[in-house]
Colleague: 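Below you'll find the structure I mean.
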Amino acid sequence: MRATQFYTPTLRQAPAEAEIASHRLLLRGGFIRPLAAGIFSFEPLGLRVLRKIENIIRSEMNAAGALEVLLPVLNPRELWERSGRWATFQPEPFKLQDKSGREFCLGPTHEEAITDLVARDVNSYRQLPLTLYQIQVKFRDEMRPRGGLIRVKEFLMKDAYSFDVDEAGLDRSYEAMYHAYVRIFERLKLPVMIVEAEAGSIGGHETREFMLLCEAGEDTVFSCDNCDYASNAECATSRPPQPRADTPAPGAPQLVPTPGAATIEAVSQFLNVAPSQLVKTLLYKADAQFVAALVRGDRELNETKLQRALRVSELRMATAEEVQQLSGAAVGFAGPVGLPDSVKVIADHEIHAMGDFVVGANQDDAHLVGVEVGRDFQVDTWADLRMVADGDPCPRCATGRLRAHRAIELGHVFKLGTSYAQSLGALYLDEDGNRHPMVMGCYGIGVSRCMAAVVEQYHDENGIIWPMSVAPFQVVILLLDPNDSALAELADTLAGQLQAQGLEVLIDDRDERPGPKFKDADLIGYPLHVVLGKKAATEGLVEVRRRCDAAEKVVPTDQVVSTVLELAEDAV
RNA sequence: CGGGGCGUGGCGCAGCUUGGUUAGCGCGUUUGACUGGGGGUCAAAAGGUCGCCGGUUCAAAUCCGGCCGCCCCGACCA
């Protein structure tokens with residue numbers, strides 16, 4: 001391919017809107033262009049990369065025995081009503097009507113469509129297991145798109161769904177997908193961390209996320225510095241401290257005035273005690289009941305954990321009026337001592353290790369000091385309720401500490417169970433003629449997001465450094481003087497020889513001076529650069545350079561191909 | 001949706017505080033010439049309803065109000 005017949009609209013300066021590296025460099029390099037907030041076009045270069053990523057994913061899916069399908073973007077409302085997600089899916093899907101008023105949504109995910117497809121044609125255990133996948137655009141009305149391709153309203157996703165007769169079958173399908181994912185990210189050269197994750201609302205279990213540690217990411221993960229424990233912050237746990245061995249001395253808490261001090265920080269300052277000596281009391285409405293959730297003052301409550309611990313389906317914070325009613329005080333002064341019996345008290349394990357602490361007094365502008373669990377109030381349930389913090393002890397090994405990292409979520413594997421199969425009628429008959437719902441798993445990879453992730457992982461101040469496996473072209477031939485017809489001919493010859501070796505080659509034959517050609521080659525990030533300049537014309541010497549580490553060799557023309565192959569060996 | 005920032009030729013910006021000629025600069029683009037190893041030089045040229053609507057004023061890029069768009073920070077997810 002010749003640059004004069006291709007299209008590489010690079011930008012000398014990055015558009016002001018781009019902040020993170022991948023966004024900036026993908027724009028500058030002419031890979032993507034914005035159409036609106038969170039909506040991007042892919043230029044020829046960008047599409048080539050996207051297709052490379054797709055094909056890696058496709059080949060590993062196929063190798064794992066999955067079959068490719070293509071489901072409609074347009075999903076009828078009735079289908080989503082059957083799964084119960086028409087009204088509840090978050091963020092709310094894009095919804096539209098045809099001219100006769102039938103309602104549709106633009107598929108934000110395809111459990112409904114795939115389950116319906118399978119339900120129509122699969123009836124027997126003999127047809128299972130079955131894993132289907134597609135690589136297709138998804139639409140999500142994100143509250144806020146951000147970071148170029150990191151979070152967008154329209155994106156390319158690989159989504160796979162497995163159907164099995166039982167849990168054991170699901171385990172096998174899940175394993176196959178899991179290992180395919182490991183290979184996919186190896187081939188994409190993305191060193192992912194596989195972390196435990198929250199299963200989500202639809203009765204799933206056993207879920208792992210494939211995360212790239214990266215400051216531009218939106219997630220926080222915790223990993224142990226000693227063992228292999230790793231978890232998304234949303235469900236990370238830490239080893240609870242030993243409960244206190246001694247029993248508190250007899251006595252009673254003291255009421256102290258704390259006018260206007262309605263936050264942990266304010267109380268801590270006012271009483272001159274550390275936030276870790278306070279206990280935060282948070283009132284929630286859990287289904288029909290009110291609960292008081294207790295965490296140490298310097299900790300953050302994890303609502304998902306609270307919901308799980310309580311085994312309720314609906315959980316929300318109590319309103320200011322409800323707080324007033326239950327505690328007899330304004331928000332900020334609730335405490336576990338003297339709450340109505342109807343309010344269940346659930347406390348984080350850490351409270352067990354505390355003594356002589358401070359809580360709200362359940363009256364305006366006052367707190368209790370010198371409070372003791374067991375003596376002054378009772379806890380109904382002990383549970384892990386708090387967000388893990390950097391430096392917490394590992395829940396799995398004896399000595400490790402948990403470390404927080406920012407990360408981009410690239411893939412998610414997930415055992416779904418039978419909920420969709422049941423609601424959408426994906427049933428099969430077993431050997432004995434009994435009808436059962438299929439047991440499902442689902443497996444997603446953000447394809448366009450992976451493209452951004454690769455750039456985040458592989459770039460320098462000059463531009464992108466594409467791994468060989470996803471580069472738009474693996475080799476660029478820089479024809480420094482396009483008017484030198486002998487060199488132009490040499491470029492064609494070399495390109496042909498390199499292509500015969502299975503490499504994709506772009507000849508930069510634009511009528512530009514050398515400067516812009518070098519700059520663009522670095523910016524666009526071709527892994528290997530072949531430079532045809534004065535030395536080639538006069539001495540027959542060609543420079544071959546590797547983008548990732550600037551390794552460089554000057555060789556006679558007949559050794560160019562072997563040198564390129566040699567340098568390619570150790571390219572990213 | 002809450003908070004913050006921005007909106008001026010394709011890109012990056014200045015001008016706005018203190019209203020007043022023909023709205024500037026760098027880059028890019030076009031044409032010609034030279035040049036040809038890290039964004040080159042010279043010459044000529046094209047390209048702008050200053051985001052939109054309204055208001056104040058003799059006069060608005062500039063002041064006021066509303067709206068729209070884009071980016072960043074928070075609640076969701078691949």
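Computed from a prediction, not measured in an experiment: that's the story for all the values here. Chain letters run A, B, ... following the sequence lines, proteins first, then strands; residues in each count from 1.
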Colleague: Please verify the inter-ring angle class for Phe473(A) with Tyr526(A); under 30° counts as parallel, over 60° as perpendicular, anything in between as tilted.
Modeller: tilted
Colleague: For Lys285(A) and Glu322(A), indicate whether the former's side chain and the latter's backbone hold a donor-acceptor pair under 3.5 Å.
Modeller: no
Colleague: If you measure only the distance, is there a donor-acceptor pair under 3.5 Å linking the side chains of Thr237(A) and Asp384(A)?
Modeller: no
Colleague: Look at the side chain of Gln13(A) and the base of G26(B), then say whether one donor and one acceptor between them are separated by less than 3.5 Å.
Modeller: yes
Colleague: Does any nucleotide pair with C42(B) by Watson-Crick or G-U wobble geometry, both distances under 3.5 Å, and what is it?
Modeller: G32(B)
Colleague: Mind checking whether Tyr174(A) and Tyr443(A) have parallel, tilted or perpendicular rings, split at 30° and 60°?
Modeller: tilted
Colleague: Base, sugar-phosphate or nothing for Asn462(A)? Non-hydrogen atoms, less than 4.0 Å.
Modeller: nothing
Colleague: Consider side chain to side chain contact (heavy atoms under 4.5 Å, CB included). Of Asp460(A), Leu528(A), Ile464(A), which one does Arg547(A) pass it with?
Modeller: Asp460(A)
Colleague: Using a heavy-atom cut-off of under 4.0 Å over every strand shown, decide if Arg146(A) touches base, sugar-phosphate, or nothing.
Modeller: sugar-phosphate
Colleague: At 4.0 Å (heavy atoms only), tell me whether Pro516(A) reaches a base, stays on the sugar-phosphate, or touches nothing.
Modeller: base
Colleague: Does Asp522(A) reach a base, just sugar-phosphate, or nothing at all? Heavy atoms under 4.0 Å.
Modeller: base
Colleague: At 4.0 Å (heavy atoms only), tell me whether Asp484(A) reaches a base, stays on the sugar-phosphate, or touches nothing.
Modeller: nothing
Colleague: Examine the base of G36(B) for any acceptor or donor lying under 3.5 Å from a partner atom in the side chain of Glu512(A), and report the outcome as yes or no.
Modeller: no
Colleague: May I ask you to say what Pro34(A) touches in the nucleic acid, namely base, sugar-phosphate or nothing, with a heavy-atom cut-off under 4.0 Å?
Modeller: nothing
Colleague: Give one of base, sugar-phosphate or nothing for Arg28(A), where a contact means two heavy atoms less than 4.0 Å apart.
Modeller: base
Colleague: Look at all strands and tell whether Glu19(A) reaches a base, only sugar-phosphate, or nothing, counting heavy atoms closer than 4.0 Å.
Modeller: sugar-phosphate
Colleague: Give a yes/no verdict on base stacking between A78(B) and Phe155(A): centres under 5.5 Å, planes within less than 30° of parallel.
Modeller: yes
Colleague: Given the P atoms of A23(B) and U49(B), what is the spacing between them in whole Å?
Modeller: 12 Å
Colleague: Classify the nucleic acid contact of Val152(A) as base, sugar-phosphate or nothing, counting any heavy atom under 4.0 Å across all strands shown.
Modeller: base
Colleague: Scan Gly533(A) against the nucleic acid and name what it touches under 4.0 Å (heavy atoms): base, sugar-phosphate only, or nothing.
Modeller: base
